[in-house]
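Here is the structure we will look at.
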Amino acid sequence: MSKMINPMQADVALDRSRVTDHGKGKVEVNAQDLTYRELNLLLRVVCDEGAKHLLLKNVNGQRYIATDLPPVKIDIEGCAGNDLGVFMNGCEITVNSNCQDAVGNTMNAGSIIVHGHSSDIAGFAMRGGKVYIRDNSGYRCGIHMKEYEDKIPVLVVGGVAHDFLGEYMAGGVLLLLNRPSVQGATEFGEMPSDLIPSHHIGTGMHGGVIYLRGRVEPYQLGAEVAPVDFTDKDTETLHHEIDEYCNHFEVSDDERQELKDSEYVKLIPVSHRPYGKMYAS
Amino acid sequence: MISYSSPEFEVEIKDDLCIRCGACVVNCSFDALEHDEDDDRIVANNRNCVDCRRCAVFCPTLAINIYENGLAFRKHGLWTNRAQREINKQAETGGVLLTSCGNELPSTTHPIYWDHLLLDASQVTNPSIDPLREPMELRTYLGSKPDAIEIDDQGKVKAPNRPSVALETPIMFAAMSFGAISYNVHKSLALAATEAGTLYNTGEGGLHPSLYEYGDNTIVQVASGRYGVFDEYLKAGQMIEIKVGQGAKPGIGGHLPGEKIDAEISLTRMIPEGTDAISPAPHHDVYSIEDLRQLVMSLKEATNYEKLVAVKIAAVHNAAPIASGIARAGADVIVIDGFRGGTGATPTVIRDNVGIPIELALAAVDDRLRQEGIRNQVSVVVSGGIRNSADVAKAIALGADAVYIGTAALIALGCTVCQRCFTGKCAWGLTTQDRQLNKRVNPEEGSERLYNLLRGWSIEIKDILGAMGVNAIESLRGNRLRLRGVGLDEETLKILGVRPAGK
């Protein structure tokens with residue numbers, strides 16, 4: 001038995017028949033109808049046995065995929081459940097469908113590329129690594145991201161995101177590309193516009209930077225952020241992230257250029273100490 | 001703006017005793033004392049004095065006394081000294097009143113139920129035990145216990161499928177973050193916990209790299225700001241505590257002010273120097289019991305199910321059903337922090353008005369979990385104003401598995417409960433990041449003081465057990481028949497589940 005199975009996991013079924021070894025470290029796992037504990041235990045075991053590249057088939061809402069795994073490559077077919085990559089430390093994940101809540105929650109390093117939408121609190125408390133969402137994201141996207149020295153998390157959303165975008169943000173880069181082509185018929189309506197639909201953007205923000213393609217009205221912003229002018233470094237960061245996004249999702253050269261040439265709003269916190277003057281002492 | 005308040009304290013320096021050594025001036029970190037070179041005497045600036053008594057303790061000739069300035073405000077039954085002072089302060093600043101430590105309101109208005117509970121002892125019909133000559137068991141296991149013992153094919157007891165942690169005494173050190181307290185205090189706690197076979201808690205501020213070696217005696221905390229949280233940190237300790245609430249500030253987040261974020265704090269919290277460390281009021285991934293379960297299970301997944309997961313809440317009106325939800329969310333330990341619980345900084349209005357006494361919350365939670373038949377699934381740890389071994393014994397008799405001490409531990413290290421932790425100027429070097437002040441705590445000596453405290457309390461608890469005629473703390477746990485209430489009304493006795501003294 002693998003050393004990764006400790007007695008606390010002894011009651012969890014380990015279904016070896018789900019595993020197909022394609023050789024050279026490439027291992028396929030059929031997640032059909034597995035509970036998250038069964039699936040994640042299986043992933044631990046195959047990684048422990050040397051798998052470097054996991055192909056997960058028929059994933060349907062299983063949670064916590066890729067937490068506590070060594071830095072392997074993971075391709076996910078199906079909808080990844082809540083907390084994909086929570087506390088993750090170095091895995092490279094591609095999801096060929098949508099993600100549920102809290103993708104990249106408190107992740108430390110690695111990357112998550114989502115070929116679809118993500119639900120609420122994407123990138124919550126991210127500390128490092130990169131998350132690219134091809135389409136839209138839900139409420140509280142990028143909330144409380146933080147950074148330390150060279151660990152600067154990046155979260156890019158191809159469409160739009162809902163309210164409280166970047167709330168409490170303390171570091172990192174949050175980019176909204178607002179591409180009409182990926183937004184589709186959402187609750188935001190059939191008619192994508194250049195107006196970012198989120199409200200309370202950057203409420204409580206005290207670090208990091210938000211870039212928004214399109215425009216926002218002042219009433220949409222939290223009291224703790226303000227738009228500022230671009231520097232050359234901003235343009236460099238922006239172009240780099242646009243290129244990465246376009247490479248991941250095979251965006252046409254024309255649109256890539258259009259994204260680079262567009263107008264962006266840059267938001268940074270008004271103060272590193274948003275609540276410094278609230279007290280009577 | 002000129003302050004309409006008179007100084008809260010008066011410092012008296014007895015000139016005939018004073019040898020002008022200047023120790024008091026050096027020791028005062030609040031700029032309340034200076035050496036007047038012209039007159040060659042020590043002069044006090046009463047306005048700055050916080051009555052922390054560092055100067056008085058370190059005066060070699062005991063020449064210093066500090067008095068409350070009783071005449072600071074005109075006496076009034078309603079418009080008390082404190083009421084007037086607070087109004088003045090807010091009129092002058094327009095800000096929220098901040099304070100530290102636990103609720104200081106008198107027991108006349110805010111009862112301390114520990115003092116209304118009395119312990120039992122054996123007389124004649126069942127013999128008491130002398131703990132000096134007979135073994136007394138204080139060892140306490142935290143964690144989920146199975147519903148029943150299972151025997152395998154070989155006739156051996158099956159290992160439980162949930163982790164547990166053994167404490168040699170049912171007293172742990174409560175969560176106090178590196179940031180709120182200094183590195184040397186953290187190290188003192190880590191050393192003492194190791195020596196005593198118990199646990200200390202990192203609080204929400206990450207774990208300094210040099211303290212990872214004390215992991216076997218460490219609880220790491222995950223709070224709403226997720227500061228310093230990453231896989232290594234989660235695996236560093238024996239237990240992971242999700243902090244939802246704190247007795248001194250239920251429902252309130254935390255702001256560690258930017259001026260306290262120096263290079264070392266920045267390293268452990270993993271945020272830039274000088275920025276505020278803001279812990280939001282809620283966890284933004286937890287809006288329901290189902291969400292809490294998701295967080296609990298994510299921490300278990302992240303640590304291969306090897307660590308216990310605790311959930312800490314403030315004692316609030318509906319603590320019992322919440323505790324039930326926490327047990328059902330998969331937590332191994334429920335921590336309840338009462339309204340006397342301490343803090344490094346909290347709005348005064350919250351500290352003094354929100355939450356309920358720990359004794360009542362504990363009784364209600366223990367009752368509820370028993371009624372639902374899930375008491376064995378979780379351990380219950382309580383905190384918030386545990387002052388001595390009797391409080392510990394009473395808490396255990398009311399149903400707690402173990403207690404946390406925070407303020408008591410700081411008092412052991414010199415704290416005089418002056419309630420100025422939030423200023424970052426602690427003259428005792430406890431709640432400050434000032435390098436010079438930090439040197440006032442020596443981790444070796446500090447850990448000895450903390451260890452001594454735990455040793456003394458543990459011996460006393462054994463005495464209490466022996467007097468009751470039982471030889472294991474397990475026999476006292478939840479045994480409310482060994483408690484009696486004095487001076488309590490019928491309803492309160494009912495909630496506490498204890499009979500009145502004499503009955």
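So that the names make sense, note that chain A is the first sequence line, chain B the second, and so on, each numbered from 1.
Contacts of Y36(A) with chain B are made by both backbone and side-chain atoms, with heavy-atom separations under 4.5 Å. Only the backbone of P160(B) comes within contact range of chain A, with heavy atoms under 4.5 Å apart. For E167(A), the part lying near chain B is the side chain, with the backbone staying farther off; criterion is any non-hydrogen pair under 4.5 Å. Heavy atoms closer than 4.5 Å to chain B are found in the side chain of N108(A), but not in its backbone.
Considering only heavy-atom pairs separated by less than 4.5 Å from chain A, the leading option among S224(B), P272(B), G225(B) is G225(B). Comparing N105(A), L69(A), V86(A) by how many heavy-atom pairs each has under 4.5 Å with chain B, the most go to N105(A). Here P280(B) is the residue among P280(B), A159(B), P163(B) with the most heavy-atom pairs under 4.5 Å with chain A. For the options D285(B), L299(B), L234(B), heavy-atom pairs under 4.5 Å to chain A are most numerous at D285(B). When V229(B), T275(B), L295(B), T303(B) are compared by the number of non-hydrogen pairs under 4.5 Å with chain A, V229(B) comes out ahead. The most heavy-atom pairs under 4.5 Å with chain A, out of E232(B), E273(B), R162(B), come from R162(B). Note on D120(A), D83(A), I121(A), D101(A): by heavy-atom pairs under 4.5 Å with chain B, the leading option is D83(A).
Taking all atoms of both residues into account, the shortest heavy-atom contact from H284(B) to F124(A) is N-CZ, 4.0 Å.
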- Message: Determine whether M270(B) and K151(A) satisfy the following criterion, side-chain contact (heavy atoms from CB on, under 4.5 Å), listing intermediate values before the conclusion.
- Response: CA-CA 9 Å; M270(B) 300 186 187; K151(A) 283 191 91 65; 5.7 Å; no
- Task: Please step through side-chain contact (heavy atoms from CB on, under 4.5 Å) for the pair R269(B) and Y148(A), ending with a clear verdict.
- Result: CA-CA 9 Å; R269(B) 297 210 174 206; Y148(A) 177 66; over 6 Å; no
- Passes side-chain contact (heavy atoms from CB on, under 4.5 Å), H144(A) versus Y227(B)? Steps please. CA-CA 10 Å; H144(A) 220 316; Y227(B) 290 109; 3.2 Å; yes
- Query: Would H206(A) and I278(B) count as a side-chain contact (heavy atoms from CB on, under 4.5 Å) if you check the C-alpha gap in whole Å, the side-chain angles of each, and the deciding distance to 0.1 Å?
  - Reply: CA-CA 9 Å; H206(A) 53 291; I278(B) 297 174; 3.6 Å; yes
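For E150(B), the side-chain contact (heavy atoms from CB on, under 4.5 Å) partners are K158(B), not counting sequence neighbours.
For the atom pair CD1 of I271(B) and NZ of K146(A), the computed distance is 8.5 Å after rounding to the nearest 0.5 Å. Here the straight-line distance linking atom CZ of R226(B) with atom OH of Y168(A) works out to 13.0 Å at 0.5 Å rounding.
Figure legend: cation-pi geometry between R37(A) and Y305(B), with NZ or CZ positioned under 6.0 Å from the six-membered ring centre and within 45° of its axis.
Listed by first and then second residue, the salt bridge (Lys or Arg N to Asp or Glu O under 4.0 Å) pairs involving residues 293-304 of chain B are R44(A)-E301(B), K300(B)-D332(B) (not counting sequence neighbours).
At least one donor-acceptor pair closer than 3.5 Å links the side chain of Y64(A) to the backbone N or O of Q294(B).
With a 6.0 Å radius and a threshold of 12 heavy atoms from other residues, nucleotides or ligands, I151(B) has its CD1 atom above the threshold.
A donor-acceptor pair shorter than 3.5 Å cannot be found between the side chains of N304(B) and D68(A).
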